[in-house]
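Worth saying up front: this structure is predicted, and the values here are computed from it rather than measured. Heavy atoms only: backbone and side chains are in, while hydrogens, waters and symmetry mates are out. Proteins get letters first, then strands, A, B, ... in listed order; numbering begins at 1 in each.
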Protein chains: 2
Amino acid sequence: MHKQHKKERFEEFRKICREHGLNVTPQRIAVYEALSGSKNHPSAEEIFRRLVSNFPELSIDTVYRTLNTFAHIGLIRIVGGYGEVRRYDPDTQPHHHFRCLKCSRIVDFESPEFSRLKVPDVLQRKCRITGVKVVFEGLCEECLSR
Amino acid sequence: MHKQHKKERFEEFRKICREHGLNVTPQRIAVYEALSGSKNHPSAEEIFRRLVSNFPELSIDTVYRTLNTFAHIGLIRIVGGYGEVRRYDPDTQPHHHFRCLKCSRIVDFESPEFSRLKVPDVLQRKCRITGVKVVFEGLCEECLSR
DNA sequence: TCCTGTATAAGAATTATTCTTAAAAAAGAA
DNA sequence: TTCTTTTTTAAGAATAATTCTTATACAGGA
């Protein structure tokens with residue numbers, strides 16, 4: 001991804017849009033370029049601010065809509081806050097989660113093995129690590145049977 | 001946690017509150033009981049709805065405040081949507097994250113090993129798993145040096 | 001070029017969460 | 001107990017993120 005040249009990335013982008021029946025608009029190009037050129041997992045607001053000076057008629061709603069569309073077709077991913085409501089877990093013991101991509105259900109499971117994953121060197125050197133969690137994602141039983 | 005009896009759990013709860021200089025109020029007891037008796041990682045709103053019929057003067061603000069307090073002292077955990085703004089990642093290749101608990105910075109790292117974690121049987125049987133991510137949490141370089 | 005469906009801007013609306021403030025409750029001291 | 005101080009709460013206003021509505025503009029195909 002970061003290795004590609006701008007040109008190639010653009011062609012790839014255009015192709016993926018076409019495959020999903022999406023028009024290739026200046027707004028979509030701008031949002032995709034802004035995101036794929038950034039390393040810090042920006043929010044919609046940050047992307048909007050980065051673009052609006054060169055693209056004054058761009059609206060924040062379009063940025064949200066565009067990013068959602070991209071995430072929907074798998075062109076980008078959502079990380080961090082999922083824009084969902086905050087949820088709470090009474091279990092403070094180390095444990096891990098499965099999260100249903102469709103209904104957002106969260107299922108706990110225990111795995112001493114996962115709780116003992118080795119911290120990668122690159123993190124170990126710079127950060128103080130206080131915990132690790134493994135999140136499997138997919139479709140839950142209920143959503144599968146529909 | 002779920003193994004304990006109500007009584008023991010309550011004594012433990014009271015003890016932890018005291019240790020952190022928190023008064024043990026009916027609201028706090030109610031919110032903690034509601035959360036620790038639930039298996040589905042409820043939102044503040046859900047907890048509020050569960051309680052308000054027996055506790056009509058309870059306010060939603062108190063539920064939020066109480067849950068935040070509990071999370072702060074480590075009595076419960078926040079899962080799922082972190083209540084933070086949604087953020088986007090242009091990298092759709094399997095990779096993993098470190099997340100700073102203080103400034104919410106997200107740092108990518110790659111680990112083919114983590115991307116190949118074996119799906120636990122309990123999930124394998126019921127769900128369709130489409131991905132896995134490992135999230136390390138702690139304090140980042142910048143936040144450590146303050 | 002024109003046509004048709006798709007995408008957009010603008011701003012209103014919605015929703016989750018936090019803040020403000022005055023009152024109530026709890027803890028501590030006398 | 002009663003008085004004082006500190007903490008907590010309820011109520012509702014405020015804020016911030018995200019989505020919706022609608023009329024207009026644009027993209028891609030014929």
Side-chain angles (χ1 to χ4, degrees), chain A residues 10-11 13-32 34-35 41-73 75-76 78-88 104, chain B residues 13-32 34-35 41-73 75-76 78-88 104:
Chain A
F10 177 69
E11 284 311 320
F13 167 73
R14 174 183 287 274
K15 179 164 153 280
I16 293 178
C17 283
R18 285 285 163 70
E19 286 171 2
H20 290 88
L22 297 180
N23 290 350
V24 178
T25 66
Q27 289 87 343
R28 284 179 176 158
I29 296 168
V31 168
Y32 185 69
L35 179 59
H41 310 85
S43 64
E45 185 69 35
E46 284 165 346
I47 291 173
F48 176 72
R49 281 205 305 272
R50 204 174 304 173
L51 292 174
V52 77
S53 52
N54 296 320
F55 202 151
E57 73 275 28
L58 184 69
S59 83
I60 182 70
D61 171 70
T62 295
V63 177
Y64 273 108
R65 195 166 11 81
T66 302
L67 289 167
N68 284 352
T69 304
F70 289 167
H72 189 71
I73 67 174
L75 189 58
I76 67 174
I78 296 175
V79 297
Y82 296 103
E84 292 167 8
V85 302
R86 190 179 301 163
R87 296 168 63 179
Y88 302 88
S104 298
Chain B
F13 167 73
R14 175 184 286 275
K15 180 164 151 281
I16 293 179
C17 283
R18 285 286 159 70
E19 285 170 3
H20 289 88
L22 296 179
N23 291 348
V24 178
T25 66
Q27 289 88 344
R28 285 180 176 155
I29 296 169
V31 168
Y32 185 69
L35 178 59
H41 311 84
S43 64
E45 185 68 34
E46 283 165 346
I47 292 174
F48 176 71
R49 281 205 304 272
R50 204 173 305 172
L51 292 174
V52 76
S53 52
N54 295 321
F55 201 151
E57 72 274 29
L58 183 68
S59 84
I60 182 70
D61 171 70
T62 295
V63 176
Y64 273 108
R65 193 165 14 80
T66 301
L67 289 166
N68 284 352
T69 304
F70 288 168
H72 190 69
I73 66 173
L75 188 59
I76 67 173
I78 295 174
V79 297
Y82 297 103
E84 293 167 7
V85 302
R86 190 178 302 164
R87 295 169 63 180
Y88 302 88
S104 298

Under 3.5 Å, which protein N or O atoms sit close to an N or O of nucleotides 25-30 of chain C? Give each pair with its distance.
none

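- Residues B/Tyr88 and A/Val79 are not in side-chain contact: their nearest non-hydrogen atoms beyond the backbone lie 4.5 Å or more apart.
- Put simply, the side chain of B/Thr62 does not reach to within 4.5 Å of the side chain of B/Glu57, judged on heavy atoms.
- Residues meeting the side-chain contact (heavy atoms from CB on, under 4.5 Å) test with A/Arg14, sequence neighbours left out: A/Phe10, A/Glu11, A/Arg18, A/Val24.
- Between A/Arg86 and C/dA16, a side-chain N or O to OP1/OP2 separation shorter than 4.0 Å is absent.
- One finds a side-chain N or O of A/Gln27 lying less than 4.0 angstrom from the OP1 or OP2 phosphate oxygen of C/dA9.
- Proximity of residues 48-70 of chain A to DNA chain D (heavy atom under 4.0 angstrom from any strand atom) is restricted to A/Asp61, A/Tyr64, A/Asn68.
- Here B/Arg65 pairs with B/Asp61 under the salt bridge (charged side-chain N to carboxylate O under 4.0 Å, His left out) rule; sequence neighbours left out.
- When the salt bridge (charged side-chain N to carboxylate O under 4.0 Å, His left out) test is applied to B/Glu19, the partners found at least two apart in sequence or on another chain are B/Lys15.
- Remark on the helix from C/dT1-D/dA30 to C/dA30-D/dT1: inter-end axis angle 30°, axes from five-pair C1' superpositions, rounded to 10°.
- Contacts of A/Glu45 with the nucleic acid, taken as non-hydrogen atoms under 4.0 Å apart, are absent.
- B/Cys17 places none of its side-chain heavy atoms less than 4.5 Å from the side chain of B/Tyr32.
- Residues B/Arg28 and B/Asn23 have side chains in contact (heavy-atom distance under 4.5 Å, counting atoms from C-beta outward).
- Here A/Arg87 does not reach the OP1 or OP2 of C/dT17: none of its side-chain N or O atoms lies under 4.0 Å away.
- Smallest separation of non-hydrogen atoms from A/Ile60 and A/Ala44: CD1-O, 4.0 Å.
- The shortest distance between side-chain heavy atoms of B/Val31 and B/Phe70 falls below 4.5 Å.
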Could you give me the CA-CA distance, side-chain angles and deciding distance for B/Glu45 and A/Val85, then say whether side-chain contact (heavy atoms from CB on, under 4.5 Å) is met? CA-CA 9 Å; B/Glu45 185 68 34; A/Val85 302; over 6 Å; no
